[in-house]
Amino acid sequence: MKEKHDSIRAINWHDDSLFLLDQRILPQQNVEIELTNAVDVADAIRNMVVRGAPAIGITAAYGVVLAARLRYQQSADNWKQLIADDIKILSESRPTAVNLFWALEQMQQVINGIDGDPFAILKAAADQILEDDLQANYTMGRLGAALIAADSKAVLTHCNAGALATGGYGTALGVIRSAYAEGKINHVYADETRPWMQGSRLTAWEMVQDNIPVTLLSEGAAATLMKQGKISWIIVGSDRIAANGDVANKIGTYSLAVNARHHGVKFMVAAPTTTVDMNISHGDQIPIEQRSQEEVLCCGGQRIAAQGAIAWNPAFDVTPAELVDAIVTEKGVVEKPTLEKMQQMMGA
Ligand code: MRU
């Protein structure tokens, strides 16, 4: 059953194909792309048709389903060897979101136990990954909203950690949807999030679709907004959380966290445990994706930067655990994260 303010689903399976809402052209166009093989799924992840850590993982799981159908048709005896190439291609699509590697590992374990036609079993496993993510978001929504005081007024978010970035409802936007439904906040501020504009294109679209008032600002305006006392919490998602609670998320998150601490604004990270990487002890071990210079030098396909200038374009940054007030997962809330608290939460 859907919650309030919960109308968007970006990853859909019907007619034996995977359909992705094309997030490159939202909100101007609302178009689904049909995918039937793993190479096209990997391209869709790399090229940002689908993005956001949990959504990348779910999509890759469906990529394995599509690959298994083709490989089993090619060779009922040898499909498990053949599909290893597809899984490798999927794993190389984007490096930072650990949900991708988690989901592929889940699917590999299911593959190991299959005897016979894999399609129905792998489709059920991918459906379960999506459903579990959705349920985790509903749980995080309730847990995160419980941290927000009754008269908080407005919160600020960065990038898009919403329904579009997950199986539905969202991580940071799930908390925001829940807090808004409970009447604790009456407004959302969203950073536009250069260079891909996930804030102005995607977060704003989600909020408008689900009737939550939203105001956009350029990242550079966030500190002034905090100084004016307009923000009670900054709420963001994550692509990978290290064992000590360091948080990788969309570039610009770190400077928000520094500014939040300076202005006495609380900083919340909402992410499912599929985003937690206990194999990495510190955030400086998280691989940070470098994307093309053109994404910064151009806007809407048109060059805006001076000819001759070059650009630096890391897609993510790492916020140290000491700047994080709360990590909200479906297994519970970790306040002021440390290795010990993270271990306890993950073991729970
Ligand atoms: O480059 P993107 O759009 O995939 O980056 C997405 C983010 O940084 C999100 O905040 C993160 O993946 C969490 S999504 C619930």
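First listed ligand is number 1; within each ligand, the first listed atom is number 1. As the structure is a prediction and not an experimental result, all values here were calculated from the model.
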Provide the number and element of each atom of ligand 1 under 4.0 Å from a heavy atom of Thr166. 15 (C)
Under 4.0 Å from a heavy atom of Ala161: give me the atoms of ligand 1 that qualify, with their elements. 14 (S), 15 (C)
For ligand 1, which atoms, with element, lie under 4.0 Å from some heavy atom of Gln198? 1 (O), 2 (P), 3 (O)
Would Met140 end up clustered with Leu147 when hydrophobic side chains under 4.5 Å apart are linked, directly or stepwise? yes
Numbering as shown, the atoms of ligand 1 that approach Pro54 to under 4.0 Å (heavy-atom distance): 14 (S), 15 (C)
Any chance OH of Tyr189 has more than 12 other-residue heavy atoms, nucleotides or ligands included, within less than 6.0 Å? yes
Quick one: does Phe316 get within less than 4.0 Å of ligand 1, heavy atoms only? yes
Hey, does Ala315 sit under 4.0 Å from ligand 1 if you only count heavy atoms? no
If the test is side chain to side chain contact (heavy atoms under 4.5 Å, CB included), which one of Val269, Ile148, Leu156 qualifies with Ile235? Ile148
State whether the number of non-hydrogen atoms from other residues, nucleotides or ligands found under 6.0 Å of Lys4 atom NZ is greater than 12. no
Run the salt-bridge test on Glu219 and Arg194 with the 4.0 Å N-O cut-off and return the result as yes or no. no
Hey, mind stepping through Leu21 and Asn30 against side chain to side chain contact (heavy atoms under 4.5 Å, CB included) and telling me if it holds? CA-CA 7 Å; Leu21 193 52; Asn30 191 335; 3.0 Å; yes
Quick test: of every protein heavy atom, which one is nearest to atom 12 (O) of ligand 1, and how far off is it to 0.1 Å? Ala53 N, 2.8 Å
Does Met48 reach ligand 1 with a nitrogen or oxygen that is under 3.5 Å from one of the ligand's nitrogen or oxygen atoms? no
Contact atoms of ligand 1, heavy-atom distance to Lys250 under 4.0 Å: 1 (O), 2 (P), 5 (O), 8 (O)
For Ala42 and Ser93, the nearest pair of non-hydrogen atoms, with its separation, is O-CB, 3.6 Å
Do Asp43 and Arg46 sit within salt-bridge range, that is, some charged N less than 4.0 Å from a carboxylate O? yes
In ligand 1, the atoms that come under 4.0 Å of a heavy atom of Thr171 are 15 (C)
Minimum-distance protein heavy atom relative to atom 7 (C) of ligand 1: Asp239 OD1, 3.3 Å
Could you say whether the N/O atoms of Arg94 and ligand 1 ever approach to under 3.5 Å? yes
With Arg177 as partner, the option from Glu3, Glu182, Glu206 fulfilling salt bridge (Lys or Arg N to Asp or Glu O under 4.0 Å) is Glu206
Could you say whether the N/O atoms of His158 and ligand 1 ever approach to under 3.5 Å? no
Any salt bridge linking Arg240 with Asp277? Criterion: basic side-chain nitrogen under 4.0 Å from a carboxylate oxygen. yes
At under 4.0 Å between heavy atoms, which part of Val236 makes contact with ligand 1: side chain, backbone, both or neither? neither
Under 4.0 Å from a heavy atom of Cys159: which atoms of ligand 1 are those, numbered in the order shown and with their elements? 5 (O), 6 (C), 7 (C), 8 (O)
Do any heavy atoms of Ala97 fall under 4.0 Å from ligand 1? no
Can you tell which of Asp6, Asp132, Thr166 makes a side chain to side chain contact (heavy atoms under 4.5 Å, CB included) with Asn137? Thr166
Contacting atoms of ligand 1, where contact means under 4.0 angstrom from a heavy atom of Ala165: 14 (S), 15 (C)
For atom 9 (C) of ligand 1, what's the nearest protein heavy-atom neighbour? Residue, atom name and distance, please. Asn249 OD1, 3.4 Å
